[in-house]
Amino acid sequence: QVQLVESGGGLVQAGGSLRLSCAASGRIFSNYATGWFRQAPGKEREFVACIESSGSTYYAESVKGRFTISRDNAENTVYLQMNSLKPEDTAVYYCAARLGSAPYPSVYLQASYYNYWGQGTQVTVSS
């Protein structure tokens with residue numbers, strides 16, 4: 001069993017930055033693929049970024065060049081550095097994880113692939 005706890009959300013002006021953290025307990029997190037998803041009011045949950053146990057990373061087109069996902073295995077934590085934030089980035093951000101690797105990178109974009117989820121952290125970007 002893995003428990004995931006997100007933190008780092010908040011209110012920021014457009015153009016600003018935030019760093020989200022996803023702290024894991026219960027297992028060696030480095031063996032897990034970890035993704036970030038977000039859900040805005042009235043919208044479906046959408047993929048943001050993912051990091052494989054190998055360290056390979058994948059991003060949604062909407063955040064490429066602005067967001068960076070990374071992991072600190074010693075701290076059992078995955079981070080999402082978000083720069084040049086836009087009002088449309090406003091959402092609840094969720095961390096998700098699954099042991100091992102997907103057969104194809106496109107699988108990481110599917111929320112159904114992950115079997116562990118955090119409780120979410122709110123990010124609000126004002127214009």
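Because only heavy atoms are used, hydrogens play no part in the values below, and waters and symmetry mates are left out as well, while side chains stay in. It should be emphasised that the depicted structure is a prediction, and the values quoted were computed from it without experimental measurement.
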In one Ile/Leu/Val/Met/Phe/Trp/Tyr side-chain cluster, 4.5 Å: [X], [Y]:
X    : Y    : result
L20  : V12  : yes
L99  : I69  : yes
I51  : V107 : no
V125 : F37  : no
Y113 : L109 : yes

>> Is it the case that the side chain of Q119 and the backbone of E6 share a donor-acceptor pair, with hydrogens and angles ignored and the cut-off at 3.5 Å?
In response: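 Looks like yes, one N/O pair under 3.5 Å.
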> What is the distance from atom NZ of K64 to atom OH of Y58, rounded to the nearest 0.5 Å?
Replying inline: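 Output value for this atom pair is 11.0 Å.
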>> Working to the nearest 0.5 angstrom, can you tell me the gap between Q39 CD and E46 CD?
In response: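 Output value for this atom pair is 9.5 Å.
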>> As a quick check of understanding, evaluate side chain to side chain contact (heavy atoms under 4.5 Å, CB included) for W36 and F67, giving each step before the final call.
In response: CA-CA 11 Å; W36 285 97; F67 291 11; over 6 Å; no
What's the shortest heavy-atom distance between [X] and [Y], and which atoms?
X   : Y   : result
F29 : A97 : CE1-CB, 3.8 Å
V2  : Y32 : CG2-OH, 3.3 Å
S30 : S53 : O-CB, 3.0 Å
L80 : A49 : CD1-CB, 4.2 Å
G8  : L18 : O-CD2, 3.8 Å

>> Does anything in residues 69-80 form a side chain to side chain donor-acceptor pair (under 3.5 Å)? List the pairs, not counting sequence neighbours.
In response: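 Only R71-N73 qualify under side chain to side chain donor-acceptor pair (under 3.5 Å).
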>> For residues 81-108, which residue pairs pass the side chain to side chain donor-acceptor pair (under 3.5 Å) check, not counting sequence neighbours?
In response: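 Side chain to side chain donor-acceptor pair (under 3.5 Å) check on residues 81-108 returns S17-N83, R38-D89, R38-Y93, E52-Y108, R66-D89, Q81-N83.
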>> Going by the rule side chain to side chain donor-acceptor pair (under 3.5 Å), which residues pair with N31 if we only count those two or more places apart in sequence or in a different chain?
In response: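 In terms of side chain to side chain donor-acceptor pair (under 3.5 Å), with neighbours along the sequence ignored, N31 is linked to no residue.
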> Mind checking whether T34 and Y114 have side chains closer than 4.5 Å, heavy atoms only?
Replying inline: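 With C-beta onward as the side chain, the pair stays apart.
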